[in-house]
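Everything numeric here is computed off the predicted structure, so don't read it as measured data. We count ligands from 1, going down the list as the structure has it; atoms in each ligand are counted the same way.
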Amino acid sequence: MDQGDAIFAGTMAEMTWREVEDAAKDNAVALWAFGVIEQHGLHLPAGTDVYLPSARLRRVKAVLAERGVPSVIVPPFYWGVNFVSAAFPVSFQVRPQIMIELMVDIFASIVRDGFKQTFCVTGHGDALHNKTIIEAIQRGRAETRTDISFLAEDGLLKRLGVELADPRVTPFPSAPSTATFPDIHAGQWETSIMLAICPSLVHQDKLPGIPPVQFSPADLQDWRSAPEIARRKTPMGHVGEPALANPQAGQKDLDAGALAMAEAIIQRRNRISSPSRA
Ligand SMILES: [Zn+2]
(Lines give C-alpha, C1' and ligand atoms only; values in the text may rest on other atoms or scores of the structure.)
Protein backbone atom coordinates (compact mmCIF):
# COMPACT_ATOMS: atom_id res chain seq x y z
CA MET A 1 0.00 0.00 0.00
CA ASP A 2 1.18 3.54 -0.75
CA GLN A 3 1.27 5.78 2.29
CA GLY A 4 -0.71 8.28 0.21
CA ASP A 5 -3.87 6.19 0.19
CA ALA A 6 -4.13 6.25 3.98
CA ILE A 7 -5.63 9.64 4.81
CA PHE A 8 -5.04 9.23 8.56
CA ALA A 9 -1.29 8.80 7.90
CA GLY A 10 0.67 11.31 9.95
CA THR A 11 -2.45 12.83 11.53
CA MET A 12 -3.64 13.17 15.13
CA ALA A 13 -5.73 10.05 14.54
CA GLU A 14 -2.48 8.07 14.81
CA MET A 15 -1.37 9.77 18.04
CA THR A 16 -2.17 8.95 21.66
CA TRP A 17 -3.87 11.55 23.84
CA ARG A 18 -0.64 12.08 25.77
CA GLU A 19 1.27 12.82 22.58
CA VAL A 20 -1.38 15.34 21.56
CA GLU A 21 -1.28 16.97 25.00
CA ASP A 22 2.50 17.25 24.80
CA ALA A 23 2.33 18.75 21.30
CA ALA A 24 -0.09 21.44 22.51
CA LYS A 25 2.19 22.24 25.48
CA ASP A 26 5.01 22.50 22.97
CA ASN A 27 3.00 25.23 21.18
CA ALA A 28 2.53 23.13 18.02
CA VAL A 29 0.55 24.61 15.12
CA ALA A 30 -2.47 22.66 13.86
CA LEU A 31 -2.71 21.91 10.13
CA TRP A 32 -6.03 20.91 8.60
CA ALA A 33 -6.83 19.83 5.02
CA PHE A 34 -10.19 20.31 3.29
CA GLY A 35 -11.04 18.15 0.31
CA VAL A 36 -14.17 16.74 -1.24
CA ILE A 37 -15.00 13.42 -2.79
CA GLU A 38 -15.91 13.97 -6.41
CA GLN A 39 -15.26 12.44 -9.81
CA HIS A 40 -11.73 12.88 -11.14
CA GLY A 41 -11.95 11.54 -14.66
CA LEU A 42 -11.54 7.93 -15.72
CA HIS A 43 -8.01 7.63 -14.35
CA LEU A 44 -8.00 9.15 -10.82
CA PRO A 45 -9.88 8.11 -7.67
CA ALA A 46 -12.75 10.23 -6.36
CA GLY A 47 -10.76 11.00 -3.21
CA THR A 48 -7.99 12.83 -5.10
CA ASP A 49 -8.81 16.20 -3.50
CA VAL A 50 -8.34 14.59 -0.07
CA TYR A 51 -5.18 12.58 -0.83
CA LEU A 52 -3.39 15.59 -2.34
CA PRO A 53 -3.63 18.11 0.52
CA SER A 54 -3.06 15.30 3.04
CA ALA A 55 0.25 14.41 1.36
CA ARG A 56 1.11 18.09 1.12
CA LEU A 57 0.56 18.60 4.85
CA ARG A 58 2.75 15.60 5.74
CA ARG A 59 5.51 17.28 3.73
CA VAL A 60 4.81 20.68 5.37
CA LYS A 61 5.02 19.01 8.81
CA ALA A 62 8.44 17.60 7.91
CA VAL A 63 9.75 20.96 6.67
CA LEU A 64 8.43 22.71 9.80
CA ALA A 65 10.11 20.10 12.00
CA GLU A 66 13.44 20.72 10.24
CA ARG A 67 13.02 24.39 11.17
CA GLY A 68 12.17 23.69 14.79
CA VAL A 69 8.43 24.33 14.52
CA PRO A 70 6.27 21.54 15.97
CA SER A 71 2.94 20.78 14.30
CA VAL A 72 0.04 18.37 14.35
CA ILE A 73 -2.17 17.39 11.41
CA VAL A 74 -5.92 17.30 12.05
CA PRO A 75 -7.62 14.38 10.24
CA PRO A 76 -8.84 15.69 6.87
CA PHE A 77 -12.28 17.11 6.20
CA TYR A 78 -13.74 15.36 3.19
CA TRP A 79 -17.46 16.22 3.08
CA GLY A 80 -17.02 19.51 1.25
CA VAL A 81 -19.11 21.65 -1.06
CA ASN A 82 -19.44 20.20 -4.54
CA PHE A 83 -21.00 22.00 -7.45
CA VAL A 84 -19.27 21.58 -10.81
CA SER A 85 -19.04 17.77 -10.66
CA ALA A 86 -22.52 17.30 -9.22
CA ALA A 87 -23.96 15.79 -12.43
CA PHE A 88 -21.51 12.86 -12.15
CA PRO A 89 -21.73 9.97 -9.68
CA VAL A 90 -19.74 10.02 -6.40
CA SER A 91 -20.07 13.79 -5.82
CA PHE A 92 -21.20 14.01 -2.21
CA GLN A 93 -22.83 17.34 -1.54
CA VAL A 94 -22.92 19.10 1.78
CA ARG A 95 -24.73 22.40 2.33
CA PRO A 96 -22.33 25.25 3.16
CA GLN A 97 -24.09 26.02 6.46
CA ILE A 98 -23.60 22.40 7.61
CA MET A 99 -19.90 22.53 6.72
CA ILE A 100 -19.54 25.80 8.64
CA GLU A 101 -21.22 24.43 11.78
CA LEU A 102 -19.10 21.27 11.71
CA MET A 103 -15.91 23.27 11.19
CA VAL A 104 -16.75 25.61 14.07
CA ASP A 105 -17.22 22.62 16.40
CA ILE A 106 -13.90 21.12 15.34
CA PHE A 107 -12.11 24.47 15.77
CA ALA A 108 -13.52 24.56 19.33
CA SER A 109 -12.18 21.03 19.93
CA ILE A 110 -8.73 21.94 18.59
CA VAL A 111 -8.60 25.00 20.84
CA ARG A 112 -9.88 23.05 23.85
CA ASP A 113 -6.91 20.72 23.35
CA GLY A 114 -4.64 23.74 23.75
CA PHE A 115 -3.67 24.62 20.17
CA LYS A 116 -3.49 28.36 19.55
CA GLN A 117 -2.81 28.56 15.84
CA THR A 118 -4.58 26.63 13.08
CA PHE A 119 -3.90 26.65 9.35
CA CYS A 120 -6.54 25.35 6.93
CA VAL A 121 -5.61 24.27 3.39
CA THR A 122 -7.82 23.27 0.52
CA GLY A 123 -7.57 20.45 -2.00
CA HIS A 124 -10.57 21.54 -4.05
CA GLY A 125 -10.84 24.57 -6.34
CA ASP A 126 -14.62 25.12 -6.18
CA ALA A 127 -15.20 28.79 -5.27
CA LEU A 128 -18.13 28.09 -2.96
CA HIS A 129 -16.19 25.37 -1.09
CA ASN A 130 -13.34 27.81 -0.43
CA LYS A 131 -15.61 30.73 0.47
CA THR A 132 -17.31 28.41 2.93
CA ILE A 133 -13.95 27.58 4.53
CA ILE A 134 -13.19 31.30 4.92
CA GLU A 135 -16.60 31.99 6.43
CA ALA A 136 -16.14 29.18 8.96
CA ILE A 137 -12.67 30.52 9.77
CA GLN A 138 -14.20 33.90 10.50
CA ARG A 139 -16.64 32.28 12.95
CA GLY A 140 -13.87 30.13 14.44
CA ARG A 141 -11.65 33.15 15.02
CA ALA A 142 -14.43 35.09 16.70
CA GLU A 143 -15.64 32.22 18.87
CA THR A 144 -12.29 30.75 19.95
CA ARG A 145 -10.23 33.98 19.94
CA THR A 146 -7.30 32.07 18.46
CA ASP A 147 -5.39 32.59 15.23
CA ILE A 148 -7.12 30.49 12.58
CA SER A 149 -6.37 31.20 8.92
CA PHE A 150 -6.74 29.90 5.39
CA LEU A 151 -3.28 29.01 4.05
CA ALA A 152 -3.79 29.40 0.31
CA GLU A 153 -2.07 30.28 -2.96
CA ASP A 154 -2.32 33.98 -3.75
CA GLY A 155 -3.84 33.11 -7.15
CA LEU A 156 -6.76 31.30 -5.51
CA LEU A 157 -7.35 34.16 -3.06
CA LYS A 158 -7.44 36.64 -5.95
CA ARG A 159 -9.99 34.47 -7.77
CA LEU A 160 -12.11 34.43 -4.61
CA GLY A 161 -11.85 38.22 -4.29
CA VAL A 162 -10.10 38.07 -0.91
CA GLU A 163 -7.45 40.67 -0.02
CA LEU A 164 -4.03 39.16 0.67
CA ALA A 165 -3.78 41.30 3.83
CA ASP A 166 -7.08 39.91 5.18
CA PRO A 167 -6.37 38.49 8.68
CA ARG A 168 -8.38 35.36 7.81
CA VAL A 169 -5.82 34.32 5.19
CA THR A 170 -2.14 33.35 5.03
CA PRO A 171 -1.13 33.67 1.36
CA PHE A 172 1.76 31.87 -0.25
CA PRO A 173 3.01 32.30 -3.84
CA SER A 174 1.29 30.23 -6.54
CA ALA A 175 3.53 27.78 -8.38
CA PRO A 176 4.28 28.93 -11.92
CA SER A 177 2.20 26.91 -14.36
CA THR A 178 3.76 25.48 -17.50
CA ALA A 179 0.38 24.60 -19.04
CA THR A 180 -0.76 26.69 -22.00
CA PHE A 181 -4.44 26.06 -21.23
CA PRO A 182 -6.32 25.51 -17.95
CA ASP A 183 -5.10 22.35 -16.22
CA ILE A 184 -7.55 22.39 -13.40
CA HIS A 185 -9.34 19.13 -12.91
CA ALA A 186 -7.79 15.67 -13.03
CA GLY A 187 -5.31 17.08 -15.55
CA GLN A 188 -1.52 16.93 -15.78
CA TRP A 189 -0.93 18.61 -12.41
CA GLU A 190 -3.22 16.52 -10.19
CA THR A 191 -2.34 13.32 -12.01
CA SER A 192 1.40 13.98 -11.58
CA ILE A 193 1.03 14.40 -7.81
CA MET A 194 -1.15 11.30 -7.52
CA LEU A 195 1.53 9.36 -9.44
CA ALA A 196 4.05 10.62 -6.88
CA ILE A 197 2.03 9.86 -3.74
CA CYS A 198 -0.22 6.91 -4.51
CA PRO A 199 0.47 5.40 -7.93
CA SER A 200 -1.52 2.28 -7.06
CA LEU A 201 -4.73 4.36 -7.25
CA VAL A 202 -3.98 5.82 -10.69
CA HIS A 203 -5.21 3.89 -13.74
CA GLN A 204 -1.89 4.32 -15.48
CA ASP A 205 -2.85 1.97 -18.32
CA LYS A 206 -5.60 4.39 -19.35
CA LEU A 207 -3.43 7.53 -19.36
CA PRO A 208 -1.94 7.34 -22.89
CA GLY A 209 -5.42 7.03 -24.44
CA ILE A 210 -6.98 9.99 -22.63
CA PRO A 211 -7.35 12.99 -24.96
CA PRO A 212 -6.52 16.50 -23.72
CA VAL A 213 -9.42 18.80 -22.85
CA GLN A 214 -8.26 22.30 -23.76
CA PHE A 215 -10.53 25.04 -22.44
CA SER A 216 -10.60 28.72 -23.36
CA PRO A 217 -11.43 31.20 -20.57
CA ALA A 218 -15.01 31.28 -21.94
CA ASP A 219 -15.23 27.45 -21.83
CA LEU A 220 -14.01 27.53 -18.26
CA GLN A 221 -16.65 30.04 -17.23
CA ASP A 222 -19.30 27.96 -18.97
CA TRP A 223 -18.04 24.76 -17.29
CA ARG A 224 -18.24 26.39 -13.87
CA SER A 225 -21.77 27.71 -14.47
CA ALA A 226 -23.85 24.51 -14.08
CA PRO A 227 -23.23 20.81 -13.33
CA GLU A 228 -25.15 19.61 -16.41
CA ILE A 229 -23.09 21.91 -18.65
CA ALA A 230 -19.89 20.67 -17.00
CA ARG A 231 -20.78 17.05 -17.67
CA ARG A 232 -21.77 17.79 -21.27
CA LYS A 233 -18.57 19.74 -21.95
CA THR A 234 -16.29 17.14 -20.32
CA PRO A 235 -17.97 13.73 -20.69
CA MET A 236 -14.84 11.94 -19.39
CA GLY A 237 -14.60 14.30 -16.42
CA HIS A 238 -11.17 15.92 -16.75
CA VAL A 239 -9.99 19.39 -17.78
CA GLY A 240 -6.35 19.49 -18.87
CA GLU A 241 -3.95 16.90 -20.23
CA PRO A 242 -3.46 13.94 -17.87
CA ALA A 243 -1.46 11.95 -20.46
CA LEU A 244 1.48 14.36 -19.86
CA ALA A 245 1.64 13.55 -16.15
CA ASN A 246 4.77 12.15 -14.51
CA PRO A 247 5.67 11.41 -10.89
CA GLN A 248 8.89 13.48 -10.89
CA ALA A 249 6.93 16.64 -11.74
CA GLY A 250 4.42 15.73 -9.04
CA GLN A 251 7.11 15.27 -6.40
CA LYS A 252 8.78 18.53 -7.39
CA ASP A 253 5.49 20.37 -7.07
CA LEU A 254 4.76 18.80 -3.68
CA ASP A 255 8.18 19.77 -2.34
CA ALA A 256 8.07 23.34 -3.69
CA GLY A 257 4.52 23.87 -2.43
CA ALA A 258 5.35 22.51 1.02
CA LEU A 259 8.36 24.79 1.30
CA ALA A 260 6.32 27.88 0.36
CA MET A 261 3.58 26.88 2.81
CA ALA A 262 5.99 26.21 5.67
CA GLU A 263 7.65 29.59 5.11
CA ALA A 264 4.29 31.38 5.18
CA ILE A 265 3.39 29.54 8.42
CA ILE A 266 6.67 30.48 10.10
CA GLN A 267 6.29 34.14 9.07
CA ARG A 268 2.80 34.34 10.53
CA ARG A 269 3.85 32.51 13.68
CA ASN A 270 6.71 34.95 14.26
CA ARG A 271 4.44 37.92 13.59
CA ILE A 272 1.76 36.70 16.01
CA SER A 273 4.14 35.69 18.81
CA SER A 274 6.06 39.00 18.73
CA PRO A 275 3.50 41.63 17.70
CA SER A 276 4.79 45.05 16.65
CA ARG A 277 8.05 45.14 18.56
CA ALA A 278 9.37 47.54 15.92
ZN1 LIG B 1 -9.19 17.76 -7.78
* Check side chain to side chain donor-acceptor pair (under 3.5 Å) between T170 and all other residues, then give those that pass, not counting sequence neighbours. => S149, R268
* Asked: Can an N, O or S atom be found in H40 less than 2.8 Å away from the Zn ion (ligand 1)?
  -> yes
* Asked: Is the shortest side-chain N to carboxylate O distance from R112 to D105 below 4.0 Å?
  -> no
* Asked: Taking just the N, O or S atoms of D49, which one is nearest to the Zn ion (ligand 1)?
  -> OD1
* So, is E190 placed with an N/O/S atom under 2.8 Å from the Zn ion (ligand 1), counting both backbone and side chain? -> yes
* Look at R139 together with E135 and state whether they make a salt bridge at an N to O cut-off of under 4.0 Å. => no
* Asked: Which of these passes side-chain contact (heavy atoms from CB on, under 4.5 Å) with N130: I133, T132, I134?
  -> I133
